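The block underneath contains the structure these notes are about, expressed in C-alpha cells.
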Amino acid sequence: MERREAIKDIGTIVAGAALAASLDLAVSTEAEAKETPEVSLPGPAPDEDVIITMQRDLLKALKKPLKDRKWSMTIDLRKCIGCHACTVGCIAENKLPPGVVYRPVSEEEIGASPNVAIRFLPRPCMQCDNPPCTVVCPVKATWKREDGIVVIDYDQCIGCRYCLVACPYGARSANSGDLYTDGTPHREAYETSPTYEYGRKRVRKSHFSSPVGNAMKCHFCSHRLDAGMLPMCVTTCVGRATYFGDVRDPDSVIAKVTFKPNAWKFKEGLGTKPSVTYLL
Amino acid sequence: METNTKYRLTLVSAGIGLLLGVYAVVMILVKGHAGTTNTSSLSPWGLQIITYIYIVLIGTGCTFINFFGHIYREEEFKPVATRVSFLAILMVFAGLGALVTELGKPWRILNFALSPNVTSPMWGMFFFYNVYIVFIVLEYLSLRKGRVKPWIMWGAFLSAIATYITMGSIFAISEARPYYFGALTAVYTPIVAFLTGCALVMLAILLGKDANPRLQASLEPVRRLMLVALGLVLLTGLWRFIIGSWAMAEGYEVFAITAPRFLIVGVVFGILLPAVLAFTRKTSNLFLAAVTVLVTQFVSRYDFVLDGFLVPVFRGLSDPPFVHYTPALNEVLIAVAAASFVLFFYAIAEKKGALESTLSQEG
Ligand code: SF4
Ligand code: SF4
C-alpha cells in the first residue's frame, strides 16, 4: 500500500508536478479562506484570562480575508518559567517524531553565584518576513503565505534539507522516520497515528508517506487557526508568556503587547524580519 | 603482477564495492533514513553529500585539465585527454548516485525539472550540471574521434565553472552558517576541483604509463599544473581561514575551534607536503604527492561540510554544545561504491581501449 503510494507519487510527478503544485496552492488558499469557525466564548470580562481575550481576537481576525491578517507571536521572557509545556504541547499536537522539535526552549545561565539568573528562550519558527529558508528551496516546496505563515508542501518537498542549513534559527527539522519506540518490542499507536498539519490528514505508515522524509517546521498550528483555535504552545504556556494574534488589528492583545521599548527580535541583524518578538 | 591478473583483481574488488553499495542503496530506499543513516536535524548533511562534493570536484578538475591542455599544450596533453574526459564522466555519475540517496524523498528528484526555483543555488547547480554532462559527453566523443572542437572544450570548461561556482554558492550564501558564508567559499570550490583533478590525472598517468608509454609526455605539464593548483588552494583556503578567524560575530568561532586540524591536515599535509614531493620530480614522489592530495582533500571536504554544523545555530535544552556526526555503515558503503564505480568502469574502458583516441589507435 505504502509502496503503491510512492509509485503513485512518481506517477503524479511524471504526469506534471508543476500543474499539481499550482493546484495544491489553489486548494490550500481555498481552505484558508473558508468560513469563520463557530466557537462559543463567554462575554468579555475585565478579569478574564488573556487566553480568552486572544481567542476572541483570533475569531475576529478570521473574519478578514487572508491577505489582511498578519499572524504574529510575542513571548515575554520575564514570564517564561522554563517549564517546557509549550515544547511538549506542540510535540503532542503535531505528533512530532524524535529529532523534530518545533518549539524548543533554551536555557542560559547569566552571571555567577550569588548573582546568577537563568534566561529561558522559547524558539518557534520566526515566520520571517524575509525568510532565507524559502529562497533556497530548489523545488518551490516552501513559501510564505499572505497571512505571514511560512509553510511547507509535504507533497512537493524532496527532503534535500537545504532549508535546514539556511535557517539561522535552527527552526527546521528533518523527519527521518525515527520512532520513540524504536528498539522496544511494542510500537505505540500514537507514533503512527494520522497527523493534521496544514489541515490535511496524513497517515504515516513508513518513509514513503509524508511528512516522513520531509523537512518540517512550526507553522503557528495553521490547522488549529483554521478551526478557530490558538496555537497549542500559546494555550499550554503555564506562565502566560506567549501572546498570539493578528498584529494588524490595533485593538488586539498582540498589537498592544508587542510594540514596546523592551521588544527584541532574535538575530534581527541578519535581515530576516522575524514575526516573533521577545519582551525582555 | 601480470596485466590480466591485475585487471581481474581490480574488477573483482571494485565489483564487491559496487555490490555493497547496491545493498546500502536498497536498505536506504526500503527502510528510509531511520536507522540507515546518521544525519539529523542538527547535522542535516553527511557522508553521502561529502562523497558527492569530493567526487564531482575531482571530475571537474579533469575537465579543467583537458581544457588547459587543449588551449596551451595540446600535443603534450593529447595522449591523456581521452581518459581524463572519461574519468570526468564517471565522476559525475558516481557523485550523482551518492547524492540521490541523501534525499529524504529520492523518487521526487524530477521536481527539480518540474518545479524549478531559480533563486536556489541548488537548483542552479542542478541546471548547470545537466549542461555540463552534455558537454563532457560530447567532449569525450570528439576526443575519441580525434577531432576536438574548440566550442566543445569551451562549453565543458564554462559549464564546469558555472556548476561548481553554484555548488560552492549553496554554502556561500548561507549566512546562517558563518563557517560557510562568503564569496571566497564559492571561488574556493572550483580551485579545489582543479587540484584534485590534477592529482587524479597524475595517478592515472603513473598507473597507466607502463601499458601506454605515450602517457609519460603528459606527466610534466600535469605536475606543473598541480603545483599551480596547490598554490591557489593554499592562497584561497588560508585567506578564508584568516578572514573567518578574525571575524567577531557569533558562529565564526568554528574557524578557531577547527584551526589545528585545518592547519595540519589542510595546509601541512594537504599542500606543503605534496608541493615538496612534486618539486622533486621523482616518479615515486609524484605518486605519493597525488595520493596525499586525494586523501587530505577528502578529509578537508569531510571537515568542510561537517564543521558548518559543529556549533548549533540554536541550542535547545537537549541539544549538545557541539554537534558530532559519525557516518553509518550504509553511508560508508555508498562512499565505497562511488569510488568502486569509477574504478570498475575505468578498468573496463582501459581494457577495451575506450580511453584512447581512435586516431592514435590507428596510428
Ligand atoms: S525561522 Fe527559519 S524556518 Fe522559520 S521562516 Fe525564518 S528562516 Fe524560515
Ligand atoms: S527539504 Fe524540502 S522544503 Fe527544504 S529545501 Fe529541500 S525540498 Fe525545499
Side-chain angles (χ1 to χ4, degrees), chain A residues 6-7 9-10 13-14 16-18 20-21 82 84 87 97 99-101 104-107 121 123 132 135-141 155-162 164-179 182 206-208 210 212-215 266-267 269-271, chain B residues 28-45 49 99-100 102-127 170-171 173-178 180 249-251 305 308-309 312-319:
Chain A
I7 291 163
D9 212 346
I10 298 167
I13 293 161
V14 175
H84 301 272
T87 312
V100 180
V101 183
V105 179
S106 72
E107 299 192 2
L121 191 100
R123 194 243 47 218
V135 285
V136 301
C137 175
V139 296
K140 289 192 190 152
D155 296 322
Q156 184 76 3
C157 168
I158 59 171
C160 68
R161 302 189 285 276
Y162 191 10
L164 272 75
V165 177
C167 170
Y169 302 98
R172 289 183 172 235
S173 307
N175 182 342
S176 48
D178 291 311
L179 299 175
D182 279 344
S206 73
H207 71 288
F208 289 112
S210 289
V212 182
N214 293 126
F266 195 12
K267 301 191 184 184
L270 292 176
Chain B
I28 291 174
L29 287 181
V30 171
K31 290 173 116 187
H33 281 191
T36 59
T37 64
N38 277 350
T39 49
S40 65
S41 297
L42 290 176
S43 186
W45 289 339
I49 294 269
L99 176 74
V100 171
E102 175 91 26
L103 298 178
K105 300 276 184 196
W107 52 88
R108 290 187 188 162
I109 191 146
L110 276 180
N111 282 8
F112 270 98
L114 299 169
S115 181
N117 181 9
V118 294
T119 64
S120 167
M122 192 180 275
W123 186 84
M125 178 189 72
F126 166 83
F127 173 78
I170 291 176
F171 298 94
I173 66 149
S174 295
E175 204 174 354
R177 315 265 169 181
Y180 294 153
E250 197 185 322
V305 172
F309 308 126
V313 287
F314 179 85
R315 203 179 145 208
L317 185 63
S318 54
D319 295 334

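The chains referred to below are lettered A, B, ... by the order of the sequence lines, with proteins before strands, and numbering in each begins at 1. This one's a predicted model, so the numbers in the text were calculated from it and none came from an experiment. Values below: all heavy atoms of this structure, side chains included; hydrogens, waters and symmetry mates excluded.
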Do you know which of [options] has the most heavy-atom pairs with chain B at a distance under 4.5 angstrom?
options                            : result
D182(A), V136(A), V135(A), D178(A) : V135(A)
C137(A), G99(A), P97(A), A166(A)   : C137(A)
I158(A), V101(A), L121(A)          : I158(A)

**Message:** Just so I know, are the side chains of K267(A) and V313(B) near enough to count as touching, which here means a heavy-atom distance under 4.5 Å?
**Reply:**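 Sidechains of V313(B) and K267(A): in contact.
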
**Prompt:** Quick one: does V165(A)'s side chain get under 4.5 Å of P44(B)'s, heavy atoms only?
**Reply:** yes

**Message:** Take a 6.0 Å sphere around CD of E107(A) and say whether it holds more than 12 heavy atoms from other residues, nucleotides or ligands.
**Reply:** yes

How far apart are the closest heavy atoms of [X] and [Y], and which atoms are they?
X       : Y       : value
P138(A) : M122(B) : CG-SD, 3.7 Å
S210(A) : K105(B) : OG-CE, 3.3 Å
N117(B) : K140(A) : CB-CG, 3.6 Å
V30(B)  : H207(A) : O-CE1, 2.7 Å
S41(B)  : A174(A) : OG-N, 2.9 Å

**Request:** Would you please classify the geometry between the F266(A) ring and the F314(B) ring as parallel, tilted or perpendicular, with 30° and 60° separating the classes?
**Result:** perpendicular

**Asked** Measuring heavy-atom distances to chain A, does Y180(B) have an atom under 4.5 Å in its side chain, in its backbone, in both, or in neither?
**Response**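 For Y180(B), the contact with chain A is made by the side chain alone.
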
Please round to the nearest 0.5 Å and tell me the distance separating atom [atom1] of [X] and atom [atom2] of [Y].
X       : Y       : atom1 : atom2 : result
Q156(A) : S115(B) : CD    : OG    : 4.0 Å
N214(A) : L103(B) : CG    : CG    : 11.5 Å
S174(B) : L164(A) : OG    : CG    : 11.5 Å
F208(A) : L29(B)  : CZ    : CG    : 7.0 Å

**Request:** Select one option (side chain, backbone, both, neither) describing which atoms of C160(A) are under 4.5 Å from chain B's heavy atoms.
**Result:**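 Both backbone and side chain of C160(A) come within 4.5 Å of chain B.
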
**Prompt:** Relative to chain B, which segment of Y169(A) carries a heavy atom at a distance below 4.5 Å: side chain, backbone, both, or neither?
**Reply:** backbone

**Message:** Out of A113(B), S40(B), S318(B), P116(B), return the one with the most heavy atom pairs under 4.5 angstrom to chain A.
**Reply:** P116(B)

**Closest-packed option against chain A by number of heavy-atom pairs under 4.5 Å, given T119(B), L317(B), D319(B)** = L317(B)

**Residues R161(A) and E102(B) bridged, charged N to O under 4.0 Å** =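 Yes, charged N to carboxylate O under 4.0 Å.
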
**Request:** Determine, stepwise, if the pair Y162(A) / I170(B) fulfils side chain to side chain contact (heavy atoms under 4.5 Å, CB included).
**Result:** CA-CA 8 Å; Y162(A) 191 10; I170(B) 291 176; 3.5 Å; yes

